[in-house]
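What you see is a predicted model; the values in this text were computed from it and never measured. So that the names make sense, note that chain A is the first sequence line, chain B the second, and so on, each numbered from 1.
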Protein chains: 2
Amino acid sequence: MKPFHSYSNPALAIDLVVFGYHENELSVLLLNRKDEPFKGGWVLPGAFLQMEERFSDTCSRVLRTKLGMDKLYLEQLYTFDELDRDPRGRAISVTYFALVNPSRLEFSAGTMANDVQWFSVKKIPDLGFDHKIIFKKALQRLRSKILYFPVGFELLDEYFTMTELHELYETILDISLDRRNFRRTILASEYILPTGTKREGLQNRHPELYVFNKKLKKNNFQLNIPLS
Amino acid sequence: MKPFHSYSNPALAIDLVVFGYHENELSVLLLNRKDEPFKGGWVLPGAFLQMEERFSDTCSRVLRTKLGMDKLYLEQLYTFDELDRDPRGRAISVTYFALVNPSRLEFSAGTMANDVQWFSVKKIPDLGFDHKIIFKKALQRLRSKILYFPVGFELLDEYFTMTELHELYETILDISLDRRNFRRTILASEYILPTGTKREGLQNRHPELYVFNKKLKKNNFQLNIPLS
DNA sequence: TCCGTTTGCGTTATTTTGACACAAACTAAC
DNA sequence: GTTAGTTTGTGTCAAAATAACGCAAACGGA
């Protein structure tokens, strides 16, 4: 399939903001560039759109290469069009944000491609291109989204404790939430379901394990986390 | 500025969903195509991105041509990438939605380009390309946006009555809202300010006129319209 | 067994919401 | 002008949601 224009079109890049949550820290996946421009600097992982590709195909290509996993939660974020965002020439960037539970990845931190690394969202280095702006927009989106959408689905293990879910929300929103009010609200929505079981290995541990309610219609769902 | 790719890139279209509000009706601007494909059919107004153009420049070009006005409220909606969305070949569409008070336009219904027309959102004809999907997404966005963002700024006259604002919300959301609760909520937020004046021309009209509060930080603003 | 911490369950005061009553201001018809 | 019906501004009240926090059982480590 060819473009039907006689004149040339801007290059089309797909850039990804991949969020990972692990041990009370929210991180983003960054790539260390091997080539100019920004050689040696950090950028968001991305690739150019191929002619016959859907955006999600390009995302999968990048994710598979860098994380060994391609079926993540993906959501289109925004399309950036500044004229000088790429020093090589006009390039449009369609950006996505992805959520991943790092413990589910094929590549663990040790075996990951040596040009990629997780960075805490609180310690993001300077980024090439306009990627700092893209990152900020993604974080903003995640923070507003978590208030009304069950984002934890993608970031926690299948079984998790109330404390873990509570800490996920505190970490992402970067505020403290009353533990007891949080519990009440979350349970009143049918966001998660109690399993009645305790964590294995620990002989008689107290905290109950929960699972996400798969029967939930993710669409018209409304959470409304109490902010205190 | 040239693209720096050796291989060719997809064409990049900018398509606009322009909403207008007039006499308790929410309408969308549609264009009647003069050429194939979809000759004679209705589509959203749009244009191809030129090499040195920002998206907003392309939007302005389209708006100026069709409405004689280019400084509207504009918001990027979504970028569509289906492979077969344009029968002529691969074309990506970056879509925007715009809000207009038709009474502020240079071109009134009579003097508008004869290939454009307002259609009530309740009576949208079949649309070419994937434009029906784009339209639906825009309407959805407008409806969710109005619940927490002062959208009326763009759709009403400078001075307006409480009833007019109330009816705007009812029309866009397509539900009925309790007049008295709506008033209470809107006034409690500082979304609008009373002017203490009455409408001119009508010697002693009762309904008070309001203006939008320009000092409002449009960012972290939260409305929360009561839905009853 | 003791002690500090975590977890589950509850109470209470305050605020917000939803539903609606009522009278003053207005318009149109006579 | 007077009258009748409508629109507009203000207030009330019960129910629901929110915010703040008490307490004891379950737990882990010393």
Side-chain angles (χ1 to χ4, degrees), chain A residues 23-24 144 146-148 152 156-157 159-171 173-211 213 220-228, chain B residues 23-24 146-148 152 156-157 159-171 173-211 220-228:
Chain A
E23 291 183 350
N24 292 354
S144 65
I146 198 179
L147 293 178
Y148 64 89
L156 292 181
D157 291 337
Y159 295 89
F160 55 90
T161 67
M162 185 61 77
T163 304
E164 285 163 357
L165 186 64
H166 176 224
E167 287 175 343
L168 170 68
Y169 275 76
E170 289 194 327
T171 300
L173 293 173
D174 198 26
I175 56 176
S176 78
L177 301 170
D178 185 274
R179 180 177 63 83
R180 293 148 295 184
N181 290 338
F182 178 82
R183 160 187 284 273
R184 176 165 36 86
T185 309
I186 284 285
L187 287 175
S189 81
E190 297 190 293
Y191 179 22
I192 62 170
L193 300 173
T195 63
T197 62
K198 326 272 177 175
R199 181 97 69 189
E200 276 182 77
L202 306 168
Q203 66 283 29
N204 188 23
R205 240 189 155 294
H206 182 173
E208 184 168 8
L209 291 177
Y210 296 85
V211 292
N213 183 354
N220 57 350
F221 179 70
Q222 186 72 16
L223 241 189
N224 268 93
I225 297 300
L227 288 176
S228 70
Chain B
E23 292 183 349
N24 291 354
I146 199 179
L147 294 177
Y148 64 88
L156 293 180
D157 292 336
Y159 295 89
F160 55 89
T161 66
M162 186 60 79
T163 304
E164 286 163 357
L165 186 64
H166 177 225
E167 287 176 344
L168 171 68
Y169 275 76
E170 289 194 326
T171 301
L173 293 172
D174 197 26
I175 57 175
S176 78
L177 302 171
D178 184 275
R179 179 178 65 84
R180 293 149 295 185
N181 292 339
F182 178 81
R183 160 186 286 274
R184 175 169 27 108
T185 310
I186 285 284
L187 287 176
S189 82
E190 297 190 292
Y191 180 21
I192 63 172
L193 300 173
T195 62
T197 61
K198 326 272 177 174
R199 181 98 68 188
E200 277 181 76
L202 306 167
Q203 66 285 29
N204 189 24
R205 241 187 154 293
H206 182 170
E208 184 169 8
L209 292 177
Y210 297 84
V211 292
N220 58 347
F221 179 71
Q222 186 72 16
L223 242 189
N224 267 92
I225 297 299
L227 288 176
S228 71

Find the distance A:Met162:CE to C:dC9:C1' and express it as a whole number of Å.
-> 12 Å

Output yes when at least one side-chain N/O atom of A:Thr163 is less than 4.0 Å from OP1 or OP2 of C:dT7, else no.
-> yes

Considering only heavy side-chain atoms of A:Glu208, the closest of C:dG18, D:dT8, C:dG8 is C:dG8

Taken to the nearest whole Å, CG/A:Leu177 to C1'/D:dT18 is 13 Å

Nearest-Å distance, CD (A:Glu164) to P (C:dG8)?
-> 11 Å

Rounded to the nearest angstrom, tell me the gap between atom CG in B:Asp178 and atom P in D:dT12.
-> 17 Å

Phosphate OP1/OP2 of C:dG8 contacted by A:Arg183 side-chain N/O (<4.0 Å) = yes

Of all the nucleotides listed (D:dG11, C:dC9, C:dA19), which has the minimum atom distance to the side chain of B:Arg180?
-> D:dG11

Whole-Å distance, B:Leu187 CG to D:dG11 C1', equals 14 Å

Member of B:Thr161, B:Thr171, B:Leu177, B:Asp178 meeting the side-chain contact (heavy atoms from CB on, under 4.5 Å) criterion with B:His166 = B:Leu177

Taking C:dG8, D:dC21, D:dG9 as options, the one with an atom nearest any side-chain atom of A:Pro207 is C:dG8

Which whole-number value in Å describes the distance from B:Phe182 CZ to D:dG9 P?
-> 13 Å

Could you tell me if the ring centre of B:Tyr159 sits under 6.0 Å from that of B:Tyr210?
-> no

Would a 4.5 Å heavy-atom cut-off, applied to side chains only, mark B:Asp157 and B:Glu164 as touching?
-> no

Atom CZ of A:Arg179 and atom P of C:dC9 are separated, to the nearest Å, by 11 Å

Which nucleotide sits closest to the side chain of A:Arg184: C:dA19, C:dT7, D:dT18?
-> D:dT18

In whole angstrom, what separates A:Glu167's CD from C:dT7's C1'?
-> 12 Å

Under the salt bridge (Lys or Arg N to Asp or Glu O under 4.0 Å) test, residues paired with A:Asp174 that sit two or more places apart = A:Lys122

Side-chain heavy atoms of A:Leu147 within contact of A:Leu173, under 4.5 Å | yes

With the side chain of A:Asn181 defined as its heavy atoms from C-beta on, choose the nearest nucleotide among D:dA19, C:dT7, C:dA19.
-> D:dA19

